[in-house]
Q: 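Sharing a structure with you now.
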Amino acid sequence: MYLWNQLVLAVFSSLLQTTLGKNVLDLSGDGWTVSSKTLNISVPGRVPSQAHLDLLAANIIDEPYYGLNDFNLRWIADNNWTYTSNPIDGLLSNSKSSWLVFNGLDTFTTIEFCGQFIGTTNNQFRQYIFDISNALEHCNGPPSASLEFGSAIRIANAIAAEPNSQKWPSGVQGTFEFPNRWYIRKEQSDFGWDWGPAFSPAGPWQNVYLVQSEREEDLYVVNTGFDIYRKDQINHLAPDQSQPWVVNASIDYLGSPPRHPSMSIEIKDLESGKLLKSGSLDNVVVSGQTITGNTMVDADAPSLWWPTGMGKQSMYNVTVTIQNEDQNLVSVTKRTGFRTIFLNRSNITDEQLAKGVAPGANWHFEVNGHEFYAKGSNLIPPDAFWSRVTEAKMQRLFDAVVAGNQNMLRVWASGAYLPDFMYDLADERGVLLWSEFQFSDALYPTDQPFLDNVAAEVVYNVRRVNHHPSLALWAGGNEIESLELPSAKQHDPASYARLVGDYEHLFISLILPLVYENSRSISYMPSSTNNGFLEVDLSAPVPMVERYDNGTEEKGHYYGDTDYYNYDSSVAFDFTGYPVGRFANEFGYHSMPSLQTWQQAVDDQDLHFNSSTIMLRNHHYPSNSPDTHNYKNSSMGMAEMTLAVERYYPIPNKQDSVANFSAWCHATQLFQADMYKSEIQFYRRGSGMPERQLGALYWQLEDIWQAPTWAGIEYDGRWKVLHYVARDVFQPVIVSPFWNSSTGNLSIYVTSDLWETAHGTVTLTWTDLSGKPIPENAGTPLTKQFSVGALNTTSIYETNVADLSLPNTKDAVLVIDLTARGRLPNAESKTPSTFTQRNNFNPVFPKDLALKDPELKLSHDAQAGTFTVEAQSAVSLYTWLDYPAGVVGYFEDNSFSLLPGEKRTLRFVVQKDETGGKWVDGVTVRSLWDQTTKS
């Protein structure tokens, strides 16, 4: 079922409304025709949808994701497509007024009703409302709607070719495949990105409604802005947690403004049904088509909403009713929560300096007055075609996020603003969503029509999602301040000041006030990677003065968050080269998806590493043009993965070509996971270092299709090695070895993100690869006791590999087992929890190890629903349980080490099963040893 068929749940379930005298017709579903006069094509259509999907349903095209269809189907994006409804039944004969309400049209649309021109659209992210009363009154014949969608590719090029169109220095704008995306308000990644295709779809991607009123006083709600914040709170300052709560309700409606308006509110605990607050709202104001009022709630009255791992996700239903004298006109119910979330970019205080924090500025999040370590990843669009993103698939994805010990996702710019139901899922699971406006890797126009278009987009979306407690931040865009402006300065120094002014005009002078006017509860920053601000003056023409230089000339000072990529794999594990900052919001390296995922999208004959299809589905590096034969750039990305494997891991050389391809894919995932593990451990260790580093969000959470990408979860939900390894190093208390391969220095740290001190023991066991203990434990203590402070780290052991009594560094492994006791934040029980983790260290890289066959044994207990893995004869490194196609889920642990005689018993969490349970017969196990074998 298409997602947008469910927007009655996504929008009108989180925005329930009761109205009198309204006739609301949902025009979604079948009953449409999609046609192209130029191509002489006409097929059945549906709403919500996009042209590609309706052509697929009519068997005009194959699955767009198969083979090289992202190139072969370019003709669809090059043409216009018209959606025409069947005659519309159920209309009132005596309506006072009638409107068409579009929640999302992608993107350039000419709208007719009853054959009469109604209006046009030019923004994928806006809600559009058109009065069709006159057209309906003069309708000849059965009423119907027609939506003609223009080719966004052609329109963007036409805008760029206009003599007065804004221009930028050559080499600055981020072109991936189709150019000129920055001129239009459409999902920017529709024009290509280095992890996805360039389909540039068109169509009614969200629901369509026809709304009629019988009386002038009837109201219909089109959007709301519910805001919950502490009294006197302002977006860029830390809220006072002792202050009472303000609940502000602002409702946008269709209809005539009430002559004697009033508003009432009822707030009920979602779990118990207990009434928290009821009564009339104060300060009721009608402005245009919006009515606003507010009330106060005692400071400690509500139960707080907390992110996962920090407490309960307490939520409330808030019902607001608009009244005119004694008559209820409309009621709206939304589910929300009481919490404060604040991005602290203030200067380091004297108190922090006294605790050893380096001078500079903060850059971290605080929830309900508590700083915490943000652990997570970056969310990209889950599909190139939003209208086939199902709620069930997103439930599986968010469950994987929580299972992966992640508490924050950065909703990356240049996808689309998430639908309400995805925020609902995040609310329920306690996942914070750092959300961004849809601008990325380009400089954007500042002409007045463009600014007006953006303003409407910003206001609509800020108001729409503001009630969600998972909403953590609004950022103006991605990498504009850290990448685009420096690039502009390099390419055209003379124009730099003007370009900075344009940037500030759009992202600070325009967007910042719009956020502040519609939300007191959410912080805003102009660009995702930045060095904080110098001052904020909301009355100034540029109300936030950004710190464009990070102050690196001041030794030992730290400002801002970091964005780091280095595709020279020879330095991948050199942690001395990782950036030192307050927060890491992007970092990563690409890998291949699994064989099972490749088989969804390519023919069997293409299942080898450098087949034409595999290479051309790799969009790193992008072609920077519409060229469909990007072998040169693609080969560079393929070479990066190949070199990474060859430098560090056994090189697969299996006799069966498909098995060899699968082993190569797995090897690229091993490198990717190890590199991310190295970085995450480094960043987490920074919580106790002078930089006071408090966040690691890796690039990226999931795939948009089946291809080589940076993702940890493949397109259908299958976990790569990365997601398992990230889950392990995102545990609350971890132990991490830091080895400098150049000097031989080895240090081991325990890191905790608990809010209280944790205590425990680390066991350090040296064995050879057959599992025999190395005499005298190679000079290393068998155990180390530790105490680690709240949000902190501590060193427990330091040595140099040369100083250890290791007979053969190629035949040695240090097994590091941690057991810790500590209390989770806001835990209901006073009894501390127990945390365990295993890590290991090899004094050489995996390719140089004298591996031995661990003779892994796998058994399945059907009654218990568990799998048991045993290493029978040697140490098993990178022990990997795999499962066949047809089922989606994850093992409780994976990619772990086993000593000889050790057993691990694990469950597989089934999220979706199309095999009738037969998948259990296809579960296999392998280790690093198997990468060296011929079979």
Q: Side chains of S387 and L53: does their closest heavy-atom pair fall under 4.5 Å?
A: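 Heavy-atom side-chain distance check passes, below 4.5 Å.
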Q: Strictly under 6.0 Å, is that where the ring centroids of W182 and F439 end up?
A: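 They do not qualify: ring centres at least 6.0 Å apart.
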Q: Using only atom types and a distance under 3.5 Å, with no angle test, would you say the side chain of S414 pairs donor to acceptor with the backbone of S440?
A: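 Answer holds: yes.
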Q: Could you pull out the closest heavy-atom pair between R410 and E436, with the gap in Å?
A: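 Closest approach of R410 to E436: NE-OE2, 2.6 Å.
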Q: Less than 6.0 angstrom separating the ring centers of H620 and W710, yes or no?
A: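 Centroid separation for H620 and W710: below 6.0 Å.
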Q: Heavy atoms only: give me the nearest N79-T38 pair and the separation to one decimal.
A: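 It is OD1-CG2, 3.8 Å.
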Q: Are the side chains of V887 and E914 in contact, using a 4.5 Å heavy-atom criterion?
A: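 No, too far: nothing below the 4.5 Å cut-off.
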Q: Hey, could you give me the OG1/CD1 distance between T82 and I41, rounded to the nearest 0.5 Å?
A: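 With rounding to 0.5 Å, OG1 (T82) is 12.0 Å from CD1 (I41).
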Q: I need the minimum non-hydrogen distance between A198 and G192, along with the two atoms involved.
A: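 Reported closest heavy-atom pair: CB-N, 3.5 Å.
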Q: Minimum heavy-atom separation for N23 to L91, with atom names?
A: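 Minimum heavy-atom separation between N23 and L91: ND2-CA, 4.0 Å.
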Q: For the residue pair F908 and Y890, is the inter-centroid distance of their aromatic rings smaller than 6.0 Å?
A: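 No; Y890 has its ring centre 6.0 Å or more from that of F908.
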Q: Mind checking the CZ-CD1 spacing from F113 to I118? Nearest 0.5 Å is all I need.
A: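 Interatomic distance, F113 CZ to I118 CD1, rounded to 0.5 Å: 7.5 Å.
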Q: Between F191 and F176, does the ring centroid distance fall short of 6.0 Å?
A: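 Between F191 and F176, the centre distance exceeds or equals 6.0 Å.
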Q: Kindly determine whether E112 and S146 satisfy side chain to side chain donor-acceptor pair (under 3.5 Å), including the steps that lead there.
A: CA-CA 5 Å; E112 294 184 355; S146 172; 4.7 Å; no
Q: With the side chain counted from C-beta on, respond yes when Q173 and D441 share a heavy-atom pair under 4.5 Å apart, and no when they do not.
A: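 Sidechains of D441 and Q173: no contact.
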Q: Rounded to the nearest 0.5 Å, how far does CG of D30 lie from OG of S85?
A: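 Going from OG on S85 over to CG on D30, the span is 13.0 Å.
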Q: Going from CD1 on I713 to CH2 on W719, what distance comes out if it is rounded to the nearest 0.5 angstrom?
A: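 Rounded to the nearest 0.5 Å, the CD1-CH2 separation comes out at 6.5 Å.
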Q: Check this for me, if you would: do K720 and E714 make a salt bridge, where the nitrogen-to-carboxylate-oxygen distance has to be below 4.0 angstrom?
A: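 Looking at E714 together with K720, the answer is no, because their closest N to O distance does not fall below 4.0 Å.
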Q: Side chain to side chain donor-acceptor pair (under 3.5 Å) between D606 and T613: does it pass, once the steps are laid out?
A: CA-CA 6 Å; D606 291 320; T613 301; 3.3 Å; yes
Q: Yes or no on side chain to side chain donor-acceptor pair (under 3.5 Å) for S470 and D427, after CA distance, side-chain angles and deciding distance?
A: CA-CA 5 Å; S470 58; D427 293 344; 2.7 Å; yes
Q: What pairs with Y715 under ring pair (Phe, Tyr, Trp, His ring centres under 6.0 Å), at least two apart in sequence or on another chain?
A: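 Y715 satisfies ring pair (Phe, Tyr, Trp, His ring centres under 6.0 Å) with Y65 only.
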Q: For W598, is the NZ or CZ atom of R617 found under 6.0 angstrom from the centre of its six-membered ring and inside 45 degrees of the ring axis?
A: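 Geometry flag: not set, cation outside 6.0 Å or 45°.
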Q: Before accepting this row, confirm whether a basic side-chain N of the pair D54/R46 lies closer than 4.0 Å to the acidic partner's carboxylate O.
A: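 No.
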Q: Looking only at non-hydrogen atoms, find the nearest pair between N69 and P64 and report the distance.
A: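 For N69 and P64, the tightest heavy-atom pair comes out as CB-O, 3.1 Å.
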Q: Does the ring center of W919 lie less than 6.0 Å from the ring center of Y883?
A: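 Ring-ring flag for W919/Y883: false, centres at least 6.0 Å apart.
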Q: Do the side chains of F398 and M422 get nearer than 4.5 Å, heavy atoms only?
A: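 Side chain of M422 against side chain of F398, heavy atoms only: contact under 4.5 Å found.
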Q: Using 30° and 60° as the class boundaries, would you call the ring planes of F437 and Y417 parallel, tilted or perpendicular?
A: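 Ring orientation of F437 relative to Y417: perpendicular.
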Q: Should the pair K393-E391 be classified as a salt bridge under the 4.0 Å nitrogen-to-oxygen rule?
A: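 Not counted as a salt bridge, because no side-chain N and carboxylate O are separated by less than 4.0 Å.
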Q: Would you indicate whether the side-chain heavy atoms of W434 and V411 approach each other to under 4.5 Å?
A: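 No, too far: nothing below the 4.5 Å cut-off.
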Q: State, with a plain yes or no, whether a side-chain heavy atom of N123 is found less than 4.5 Å away from one of Y128.
A: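 Side chain of N123 against side chain of Y128, heavy atoms only: contact under 4.5 Å found.
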Q: Applying the side-chain hydrogen bond (donor to acceptor under 3.5 Å, both in side chains) test to R463, which of N223, D252, T224 qualifies?
A: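 Considering N223, D252, T224, a side-chain hydrogen bond (donor to acceptor under 3.5 Å, both in side chains) with R463 is found only for D252.
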Q: What are the two closest non-hydrogen atoms of N610 and M615, and how far apart are they?
A: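 That would be O-SD, 3.7 Å.
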Q: Report yes if some heavy atom in the side chain of L379 is under 4.5 Å from a heavy atom in the side chain of W412; otherwise report no.
A: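 Not touching, per the 4.5 Å side-chain cut-off.
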Q: Rounded at 0.5 Å granularity, tell me how far CG in L147 sits from CZ in F102.
A: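 Going from the CG atom of L147 to the CZ atom of F102 covers 5.0 Å.
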Q: What is the distance from atom CH2 of W705 to atom NE2 of H619, rounded to the nearest 0.5 Å?
A: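 Output value for this atom pair is 4.0 Å.
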Q: How about F149 and F108: are their ring centres within less than 6.0 Å of each other?
A: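 Here the rings of F108 and F149 have centres that are no less than 6.0 Å from each other.
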Q: What residue pairs, at least two apart or across chains, pass salt bridge (charged side-chain N to carboxylate O under 4.0 Å, His left out) with a residue in residues 175-196?
A: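 Sorted pair list: R74-E177, D106-K186, R185-E457, K186-D190.
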Q: Ion pair present between R718 and D882, side-chain N to carboxylate O less than 4.0 angstrom?
A: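 Yes, charged N to carboxylate O under 4.0 Å.
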Q: Does any part of the side chain of V101, heavy atoms only, come nearer than 4.5 Å to the side chain of L254, both counted from C-beta?
A: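 Contact flag for L254/V101 side chains = yes.
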Q: Please lay out, stage by stage, how S35 and S42 fare under the test side chain to side chain donor-acceptor pair (under 3.5 Å).
A: CA-CA 4 Å; S35 61; S42 181; 5.1 Å; no
Q: Can a side-chain donor-acceptor contact be found between Q127 and N103 if the only test is distance below 3.5 angstrom?
A: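 Present: a donor and an acceptor within the cut-off.
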